[in-house]
Amino acid sequence: MNFDLTQTDALLSTTRAVRKRLDFDRDVPDDVLLECLQLAVQAPTGSNNQGWRWMVIRDQETKNGLADIYRRAGGDYLAGAADAAGHVEGQMGRVMTSAAYLAENLERSPVMVIPMIIGRLDAVPDDAPGGASITNAAAGLMGSILPAVWSFQLALRSRGLGTCLTTLHLGLEQEAADLLGIPPHMTQAGLLPVAYTKGTDFKAAGRPPVEEITYLDTYKNPIR
Ligand SMILES: Cc1cc2nc3c(=O)[nH]c(=O)nc-3n(C[C@H](O)[C@H](O)[C@H](O)COP(=O)(O)O)c2cc1C
């Protein structure tokens, strides 16, 4: 199979956290959403456990409730973002302005998606490999849902939609679980506002050369 690298590399490098360019006025059909989720569940999971579950939220009152939880959970962070938005320059300033905008408008998203995974890390699982800490176990649990979330984001982007993985509401995860009837053995991995994007021309982000953050054989030894 020969991939068109121009296309695949563009998809991988221009799938951004979209906030200000979400088109809140255009509906997202179930078919498109389900197609993207179907692609998402091709992602890997630890022991092939496939413990992912997906909550799609369209009901306006429920979206209002989640947006309220997001803003309350985000409290100080969002206040800082709104403050920084006015005077921080460059990429960080843009992220802050954009984050503040999303917080103010979250309930306007035509659809919200909450990715979930079966299991909790409130304690180290009994069946965790010997000596595993919560930090180690987190890699297994979150590592079995976040690859699928990213695939979902890529599938959306390739179809003219966009999203932003957010985690701020997790500070009040239980409130969201109560609102959505999520049982106690499930972990929420985030909240994604999903919409068509206003335009599809997104750019690659500025990132450091990987040589500066890649090591060869030992952490003391930069790859180059
Ligand atoms: C684990 C994780 C949590 C995030 N949580 C939030 C969030 O709560 N709110 C938000 O506006 N953006 C959130 N983001 C989006 C990041 O701010 C965004 O990915 C980052 O600024 C880089 O922008 P880019 O994805 O366009 O390169 C989160 C991203 C990740 C990976």
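Hydrogens, waters and symmetry mates play no part in the numbers below; they use all other heavy atoms, side chains included.
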Measuring only between side-chain heavy atoms, which start at C-beta, is Leu216 closer than 4.5 Å to Pro222?
no
Looking only at non-hydrogen atoms, find the nearest pair between Arg159 and Val32 and report the distance.
CD-CG1, 4.4 Å
Search all heavy atoms of Ala137 against all heavy atoms of Leu121 and return the closest pair with its distance.
CB-CD2, 3.6 Å
State yes or no: do Ile182 and Leu170 share one hydrophobic cluster built from I, L, V, M, F, W and Y residues joined by side-chain heavy-atom distances below 4.5 Å, directly or via other members?
no
From Asn2 atom CG to Asp4 atom CG, the distance as rounded to the nearest 0.5 Å:
10.0 Å
Is it true that a side-chain atom of Thr45 and a backbone atom of Ser144 form a donor plus acceptor pair closer than 3.5 Å?
no
Within the side chain of Arg21, is there an N or O that forms a donor-acceptor pair under 3.5 Å with the backbone of Lys198?
yes
Looking at Arg120 and Glu173, is there a salt bridge between them, counting it only when a charged N and a carboxylate O are closer than 4.0 Å?
yes
Can you tell me how the ring of Phe152 sits relative to the ring of Trp54, calling it parallel under 30°, perpendicular over 60° and tilted otherwise?
tilted
Side chain to side chain contact (heavy atoms under 4.5 Å, CB included), that's the test. Do Leu22 and Tyr196 meet it? Break it down for me.
CA-CA 6 Å; Leu22 295 172; Tyr196 279 92; over 6 Å; no
d(Thr197 OG1, Arg26 CZ) to nearest 0.5 Å is 8.5 Å
So how far is it from Thr8 OG1 to Phe3 CZ, rounded to the nearest 0.5 Å?
7.5 Å
Would you indicate whether the side-chain heavy atoms of Leu39 and Ser151 approach each other to under 4.5 Å?
no
For Tyr215, does the OH atom sit with more than 12 other heavy atoms under 6.0 Å from it, leaving out its own atoms?
yes
Has the side chain of Asn105 got a donor or acceptor atom that lies under 3.5 Å from a matching backbone atom of Tyr101?
yes
Is there a side chain to side chain contact (heavy atoms under 4.5 Å, CB included) between Arg58 and Asp30 once you walk through the steps?
CA-CA 10 Å; Arg58 290 188 182 278; Asp30 268 345; 2.9 Å; yes
Are the side chain of Ser109 and the backbone N or O of Val111 linked by a donor-acceptor pair below 3.5 Å?
no
What's the verdict on side chain to side chain contact (heavy atoms under 4.5 Å, CB included) for Met55 and Val113, showing C-alpha distance, side-chain angles and the deciding distance?
CA-CA 6 Å; Met55 179 71 68; Val113 173; over 6 Å; no
Between Arg71 and Glu107, does any NZ, NE, NH1 or NH2 come within less than 4.0 Å of an OD or OE carboxylate oxygen?
yes
Exercise: do Gln7 and Asp9 side chains pair donor with acceptor under 3.5 Å:
no
In this structure, would Tyr77 and Leu172 fall into the same cluster of hydrophobic residues linked by side-chain contacts under 4.5 Å?
yes
Do the side chains of Lys63 and Asp59 get close enough for a salt bridge, i.e. N-O under 4.0 angstrom?
no
From Ile69 CD1 over to Leu180 CG, what is the distance, rounded to the nearest 0.5 angstrom?
7.5 Å
Does Asn49 reach the main-chain N or O of Gly46 with its side chain, forming a donor-acceptor pair under 3.5 Å?
yes
Could you check whether any side-chain heavy atom of Thr166 comes within less than 4.5 Å of a side-chain heavy atom of Leu192, counting everything from C-beta outward?
no
Flag yes if Phe202 and Leu11 sit in one hydrophobic cluster, no otherwise; membership is Ile, Leu, Val, Met, Phe, Trp, Tyr, and two members link when side-chain heavy atoms are under 4.5 Å apart.
no
Work out which heavy atom in Gly162 is nearest to a heavy atom in Val18; give both atom names and the distance.
CA-CG2, 4.3 Å
Any donor and acceptor pair, going by atom type alone, linking the side chain of Arg16 with main-chain N or O of Ser13 inside 3.5 Å?
yes
Does Met116 form a side chain to side chain contact (heavy atoms under 4.5 Å, CB included) with Thr187? I'd like the steps, not just the answer.
CA-CA 5 Å; Met116 299 168 286; Thr187 298; over 6 Å; no
Is there a continuous path of hydrophobic side-chain contacts, each under 4.5 Å between heavy atoms, that joins Val194 to Trp150?
no
Can you see which heavy atom on Ala189 is nearest to which on Ile145, and at what distance?
CB-CG2, 3.8 Å
Determine whether Leu12 and Leu154 make a side-chain contact, defined as any pair of heavy atoms from C-beta on separated by less than 4.5 Å.
yes
Between Glu175 and His169, is any side-chain donor less than 3.5 angstrom from a side-chain acceptor?
no
Path from Leu191 to Val95 over hydrophobic side-chain contacts below 4.5 Å
no
Between Leu161 and Gln153, is there a side-chain heavy-atom distance shorter than 4.5 Å?
no
Minimum heavy-atom distance between Pro193 and Leu102, given as atom pair plus value
CG-CD1, 3.9 Å
Got a second to check how far Thr15's OG1 is from Leu156's CG, nearest 0.5 Å?
9.5 Å
Side chains of Leu66 and Met112 in contact at under 4.5 Å (non-hydrogen atoms):
yes
Do Thr200 and Arg157 have side chains that approach each other closer than 4.5 Å (heavy atoms only, starting at C-beta)?
yes
Between CZ of Arg19 and SG of Cys164, what distance do you get to the nearest 0.5 Å?
4.0 Å
Between the side chains of Arg224 and Glu211, is the shortest nitrogen-to-carboxylate-oxygen separation below 4.0 Å, so that they form an ion pair?
yes
Please check if the number of heavy atoms outside Gln42 that lie under 6.0 Å from its CD is greater than 12.
no
Hey, are Asp23 and Arg108 close enough for a salt bridge, meaning a charged N less than 4.0 Å from a carboxylate O?
no
With a cut-off of 6.0 Å (strictly less than), are more than 12 heavy atoms of other residues, nucleotides or ligands near CG of Asp76?
no
With distance as the sole criterion, is a donor-acceptor pair present between the side chains of Asn136 and Ser133 under 3.5 Å?
yes
Show the nearest heavy-atom pair for residues Gly190 and Leu165, with the distance to one decimal.
CA-CD1, 4.3 Å
Side-chain heavy-atom pair Ile118, Met186 within 4.5 angstrom cut-off
yes
